[in-house]
Amino acid sequence: MSRLQNRKILKMNGAGNAILTLDLRGSDIRVSPEEARAIGRAEGLSYDQLMVLYDAQTPGADAAMKIFNVDGSLSAACGNGTRCVAWALSRDGRDRVVLDSDAGRLDVTRAADWSFTADMGPPRLDWREIPLSRPQADMDALDIAYPGYPEIGRPSAVSMGNPHAIWFVADVEAYDLARNGPILEHDPLFPERANISLAQVVAPDRIRLKVWERGAGLTLACGTAACATLVAAARRGLTGRTATLMLPGGDLVIAWRESDGHVLMTGPVELEAEMRLAPAVFEGLGA
């Protein structure tokens, strides 16, 4: 059986992005991919990302964070999940949380009772950092077409700690992202797979966004995709450096700061339930 049984877990969402937060600080327990998948299969625990907190390893951090997708794969970054973690750690009254992640250090501050701003750091725009499997002449016109619709043009590529490809379209509902998302996620151009987004600029400061999230599928919200999309839109001259990103699960305000190039994401969090991981969740996994 798993040592995770009976551990407390928070079921949350960030702008509709289904998030579980599991705090393992103070223990030597580590979550395996098999355990992460088992949790996601359990009744009432389906998630987009599982945010696991371990003891901080560097001065000034409140926790070290590992992020699992529901298929058991790891993600270096999850903006909506980071805000959920910040809420969980701020219940002691603090208004600032510092987290170490595989994408680097993240500084999160309270914007309102149920809203937080996460400094997601600077975007990565070199093909090696995203990463891509081969050089590209223009990071805003990748050498890849949307299946069946070459007329919608070529996508932008941006990394926010995880890789994103963004197609700008006239109507995000006009193209079958549920069918084409997994095809593009696994395209050979993306050696670590990619998050696939359709973005519709509806005003200089508003973008409608639909996202196929690698390892999770079609999602109600993806914070890093919102950040990547704002960067791509601003680089193309389609918007300014601040915009509201409208996702199926809710809105996120994204600002690409000129002073240091960092991307700030502000959005809501919601606590749905506090639960414990029943032993039955891990039946069949072995010791």
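Not measured: the values here are computed from a predicted model.
Lys210 and Asp171 are not joined by a salt bridge, as no carboxylate oxygen comes within less than 4.0 angstrom of a charged side-chain nitrogen. Here Arg206 pairs with Asp251 in a salt bridge; the nearest charged N to carboxylate O distance falls below 4.0 Å. For the pair Glu274 and Arg91, the salt-bridge criterion is met [side-chain N within less than 4.0 Å of a carboxylate O]. Ion pairing between Arg214 and Glu185 fails under the 4.0 Å rule for side-chain N and carboxylate O. Taking the charged nitrogens against the carboxylate oxygens, Asp143 and Arg154 do have a contact shorter than 4.0 Å, which makes a salt bridge. Here Arg25 does not pair with Asp55 in a salt bridge; the nearest charged N to carboxylate O distance is not below 4.0 Å.
Of the listed residues (Leu209, Ile207, Leu247, Leu230), just one forms a side-chain contact (heavy atoms from CB on, under 4.5 Å) with Leu252, and that residue is Leu247.
Stacking of Arg236 on the aromatic ring of Phe168 is not recorded, the 6.0 Å distance cut-off and the 45° axial limit not both being met.
Using a 30° and 60° split on the angle between ring planes, Trp87 and Trp114 fall in the parallel class, below 30°.
Taking the side chain as every heavy atom from C-beta outward, Val31 and Leu4 approach each other to under 4.5 Å.
Arg7 and Ser27 are not linked by any side-chain donor-acceptor pair at a separation below 3.5 angstrom, with hydrogens and angles left out of the test.
Glu34 pairs by the salt bridge (charged side-chain N to carboxylate O under 4.0 Å, His left out) definition with Arg37, not counting sequence neighbours.
Between the OG atom in Ser159 and the CG atom in Leu132 there is a gap of 9.5 Å [rounded to 0.5 Å].
Between the side chain of Trp167 and the backbone N or O of Gly153 there is at least one donor-acceptor pair closer than 3.5 Å.
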